[in-house]
Structure formats: structure tokens, C-alpha cells
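Worksheet: the structure to be examined is printed underneath.
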Amino acid sequence: MNNREKYTPWTHTYHVETRAAQGDGWRSPTTGAVPPAISMGATYARDSEYRTPAGLAYLRDQGAPGFEQVEDVVAGLEGGSRGLLFSSGMAAATAVFQVLPAGSRVVVPRTMYFGLTKWLLEFGTEQGLEVVQVPMDDLDAVAAAVAAAPTRLVWAESPANPTWTVTDLAAVGAVAREAGALFGVDNTVPTPVHSRPFEHGADLVMHSGTKYLNGHTDVVAGLLVLAPGPDERAAALWERLELHRRLTGPLLGPLETYLLMRGIRTLFPRMRQISATAMALAEHFAGHPLIRKVAYPGLPDDPGHAIAARQMSDGFSGMLSLHVDGEWQRSLRTAQNCELFIRATSLGGVESLIEHRYTFEGPGSTSPKDMLRVSVGLENPADLVADLEQALERAAKEDR
Ligand code: PLP
């Protein structure tokens with residue numbers, strides 16, 4: 001570990017908002033600069049006794065000096081014990097599956113970020129994993145799948161991309177624990193502002209730092225966080241993850257590490273405003289004559305609302321999906337007609353995005369064709385509502 005020296009060590013335990021805003025109070029140990037220095041070294045000089053002055057030898061081995069701050073801050077926000085920074089969310093998620101022994105059985109959601117499903121089916125199975133896909137919102141199905149044969153890992157994502165299906169994390173975590181399986185949770189969408197999976201029995205939390213943590217659509221990054229007081233199996237897995245990163249090198253560059261930390265400083269106010277706007281949009285379009293359905297766990301009649309209301313706090317995040325009425329092509333045209341919503345993939349930035357997931361995912365997509373995925377940003381909610389209204393109206397008119 002590096003950059004251990006804090007300029008002004010804190011003597012109190014502060015609230016998470018404070019920890020995020022001040023990046024846990026870290027300073028550049030040499031200059032005292034409030035934002036940490038960006039250190040570009042790939043290798044580090046040793047003194048005449050062959051010692052490494054700051055414990056750093058090589059970038060792939062220990063990461064850049066900025067790593068430890070991001071890892072500590074995100075671990076702190078999640079209530080975990082340690083963090084591990086990766087070059088992407090996929091690098092972080094696939095690391096977990098790659099370090100499992102060949103032949104491991106893993107139970108994963110049928111609906112989750114489609115890239116991870118694709119990797120598991122294309123490469124995970126080739127590497128000897130038995131991948132069992134279940135509807136994670138059906139506890140009986142989860143329990144039956146886990147009981148059917150010895151299971152090494154249960155994976156969940158809640159709300160799950162792109163349908164925002166809610167998983168009862170505490171219940172699934174209990175099923176996993178009882179069966180002796182580890183429980184990993186992708187917490188990218190709710191972020192620790194709205195959900196803390198370690199409070200519900202997770203052993204491991206994963207993030208695409210590309211999304212809300214960075215929040216400015218200019219970095220691809222990933223993180224893993226280890227549970228507080230991890231049991232032996234989780235601690236052993238973590239050791240393998242550290243070694244895996246060291247030996248395979250999915251590291252974030254120093255500049256991107258700096259940008260990620262800068263984004264994390266404003267995570268709380270961004271998420272609160274984004275979630276409030278997403279709620280306003282969901283309420284506006286629920287029951288709208290040109291919309292068949294709005295999928296958003298904040299809506300009282302959403303199938304996952306009761307569980308989401310119990311396990312999330314302070315809002316339901318900024319992701320929702322609109323199912324457009326009429327022929328499915330109308331959803332595509334609605335996206336075409338948007339001026340303010342940017343037609344782009346990804347999520348979690350300050351600018352609102354809209355995406356026809358079925359078209360983006362291509363062959364094998366399980367996304368409904370009438371569905372537009374919306375990532376809500378920091379714009380004025382009235383502007384966003386007006387843009388979608390005119391886009392829907394024009395698309396409907398073309399059908400008449
Ligand atoms: N998890 C979720 C929920 C995502 O939405 C994504 C990307 O869209 C990922 C993981 C993968 O992250 P990355 O693109 O940083 O590899």
C-alpha cells in the first residue's frame with residue numbers, strides 16, 4: 001500500500017458525506033496540496049540499500065499513489081474493510097469469477113448488466129464455471145438453485161440493469177450464507193448513497209466507477225470492496241483478487257484515478273438531486289397516455305417497491321425505463337426525436353442519456369423492444385419532461 005501518510009489525520013469519525021467531500025482528509029504528503037498530486041511513475045527508484053522509500057516498486061504491482069485514497073474512501077462509504085481499484089467495472093466483476101476454482105458453480109441473476117452475462121456465458125463457462133441463471137426477485141427459485149448442488153458464489157445486482165428489478169439482498173444473502181456460498185453484489189446503480197449491501201449480508205461489493213462514482217462521463221473504472229470483518233472464505237478470495245490484479249494488470253491510470261476521486265467528492269449531492277429528478281420523471285410518465293409502463297422502483301406500484309423502500313434509503317437512484325405504447329419502433333423514434341436527452345450508452349453522468357437497449361445489445365438481447373432506458377442527470381426536471389413529451393408526441397403523430 002502506498003501514500004499512507006495523511007497530512008492531517010482525522011481524530012473523529014465523520015459522516016459519509018463529509019468523508020466523500022474531503023476524500024477522507026488526504027493531502028499530498030510532500031506539498032500539502034488539497035487535491036492529491038497526479039504521479040505518473042510506472043517504476044520507482046530504490047535507495048542505495050535497495051529499499052523503496054514509499055513502498056512502491058512498479059505500477060502494476062501496487063498501483064499509483066492515488067489508488068489508496070480512492071480504495072479507502074469507497075470502502076469507507078460502503079462500510080467495508082478494503083477496496084481494490086480496477087481499470088473498469090467489467091475488469092472488477094470478471095476478476096471475482098476468474099479467481100474462483102475451475103468447476104465452481106455460480107448462481108447469477110437472469111437479468112443484470114448484459115456485459116457480465118455475456119462474459120460468463122462466453123468465457124466463464126469455457127474456464128470451467130457452471131453458470132446458473134435465476135430470476136433474483138424469485139426467492140424460491142434462488143433457494144432451489146442454490147440447494148441443487150454445492151454453490152461457490154451468488155451474485156446480485158439491485159436494481160438490476162436494464163429492467164430495474166429489485167432483489168431482496170438480505171433474503172438472498174441469507175440463502176447464500178446458509179449454503180456456504182459467498183455473496184457478491186453489484187452496487188453500481190444505487191451507490192452507497194442509496195444502498196449498502198454489507199448491511200444485508202454481502203461479502204463483496206462491486207462498482208463500475210465509470211457511472212455515478214465518477215459521474216462525469218469521462219472515466220472508465222471499477223472497484224471491489226471487501227466486507228467488514230470478512231469471514232475466512234471471503235478473506236481468502238480477497239487475497240486471490242489482490243494477486244490477480246497484480247499479475248494480470250487491469251489497473252486504472254493515474255490521471256483517471258485523480259478524476260475518479262474528484263467525482264466521488266460530489267457523489268452525495270449529485271445522487272440526491274438525480275434521484276429526486278428521476279422520481280419526478282417516473283411519476284410524470286406513469287399513467288401517461290403514450291407510455292405503457294414505467295419501470296422505476298420508487299413508484300409505489302412497481303413490483304419491487306416494497307423491498308426497495310426497505311433496503312434503499314434517501315431515494316431510488318437515477319435509472320428508469322419507459323415502455324412506449326404502440327408498435328415497438330415508436331420507442332426508437334421517440335429516442336430519435338429527443339433533443340436534450342443524449343442518445344448514448346452508459347449511465348450515471350451529469351447529463352441525461354436515453355438508449356434503446358435492444359438495439360444497443362444486438363443479437364441475444366433480452367431487453368424488451370418497446371423499452372427506452374433513461375439515465376437521469378442534473379438538468380432542470382421540467383426541461384427533461386418537456387423534451388420527452390415532445391419526442392413522444394412527434395413519434396406518435398408519425399404513426400397516425
Ligand atoms: N455493472 C453495471 C450495473 C453496469 O451498468 C455496467 C456498465 O454499464 C457495468 C457493471 C460494467 O462497467 P464498465 O463499463 O465500467 O466495465
Side-chain angles (χ1 to χ4, degrees), residues 70 74 78 83-98 108-120 122-124 136 155-167 169 184-195 197 202 204-225 245 248-253 256-257 259-260 263-264 271 274 278 295 297 304 308 312 316-321 342-349 353-362 365-367 371 373-377:
V70 176
V74 175
E78 287 288 358
L84 204 54
L85 186 56
F86 286 84
S87 54
S88 70
M90 279 298 285
T94 56
V96 177
F97 293 93
Q98 286 180 74
V108 302
R110 189 168 288 157
T111 301
M112 64 170 170
Y113 171 58
F114 113 109
L116 184 55
T117 302
K118 198 171 166 73
W119 184 88
L120 283 166
E122 291 251 341
F123 298 104
M136 274 293 155
W155 188 261
E157 183 185 310
S158 182
N161 194 353
T163 53
W164 319 117
T165 309
V166 173
T167 295
L169 296 179
V185 177
D186 181 340
N187 204 33
T188 298
V189 168
T191 80
V193 175
H194 298 307
S195 179
L204 208 63
V205 159
M206 175 251 146
H207 275 282
S208 165
T210 316
K211 318 298 180 191
Y212 292 111
L213 289 184
N214 173 61
H216 293 75
T217 331
D218 53 8
V219 164
V220 171
L223 279 131
L224 294 174
V225 184
R245 192 188 73 178
T248 61
L251 290 161
L252 199 62
E256 289 76 12
T257 305
L259 288 172
L260 176 59
I264 291 169
M271 285 317 292
I274 281 171
M312 297 178 78
F316 299 91
S317 194
M319 296 304 300
L320 54 107
S321 289
I342 301 165
R343 288 172 296 279
T345 195
S346 199
L347 60 97
L353 309 180
I354 194 159
E355 184 176 40
H356 191 249
R357 247 349 247 180
Y358 179 85
T359 302
F360 175 76
E361 290 175 4
S365 169
T366 55
S367 286
M371 190 188 82
R373 191 183 79 173
V374 169
S375 172
V376 174

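Side chains are part of it too, since the values below use all heavy atoms of this structure and drop only hydrogens, waters and symmetry mates. No experiment lies behind these values; they were computed from the predicted model shown. Both counts, for ligands and for their atoms, begin at 1 and track the order of listing.
- For Thr217, the side-chain hydrogen bond (donor to acceptor under 3.5 Å, both in side chains) partners are Glu351, not counting sequence neighbours.
- Glu361 is linked by a side-chain hydrogen bond (donor to acceptor under 3.5 Å, both in side chains) to Arg357, Ser365, Ser367, counting only residues two or more places apart in sequence or in another chain.
- Checking side-chain atoms of Glu157 against main-chain N and O of Tyr113 turns up a donor-acceptor pair under 3.5 Å.
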Output, or 'none' if empty, a list of ligand 1-protein atom pairs in which both atoms are N or O and the distance is under 3.5 Å, rounded to 0.1 Å.
unit_1	atom_1	unit_2	atom_2	d
ligand 1	1 (N)	Asp186	OD2	2.6
ligand 1	5 (O)	Asn161	ND2	3.0
ligand 1	8 (O)	Lys211	NZ	2.9
ligand 1	12 (O)	Ser208	OG	3.1
ligand 1	15 (O)	Gly89	N	2.9
ligand 1	15 (O)	Ser208	OG	2.8
ligand 1	15 (O)	Thr210	OG1	2.6
ligand 1	16 (O)	Gly89	N	3.1
ligand 1	16 (O)	Met90	N	2.8

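- Residues Phe316 and Trp164 keep their aromatic ring centres 6.0 Å or farther apart.
- Shown here are the side-chain hydrogen bond (donor to acceptor under 3.5 Å, both in side chains) partners of Thr191, two or more places apart in sequence or in another chain: there are none.
- Taking the six-membered ring for Trp and thresholds of 30 and 60 degrees, Phe360 and Phe114 have ring planes more than 60 degrees apart, a perpendicular arrangement.
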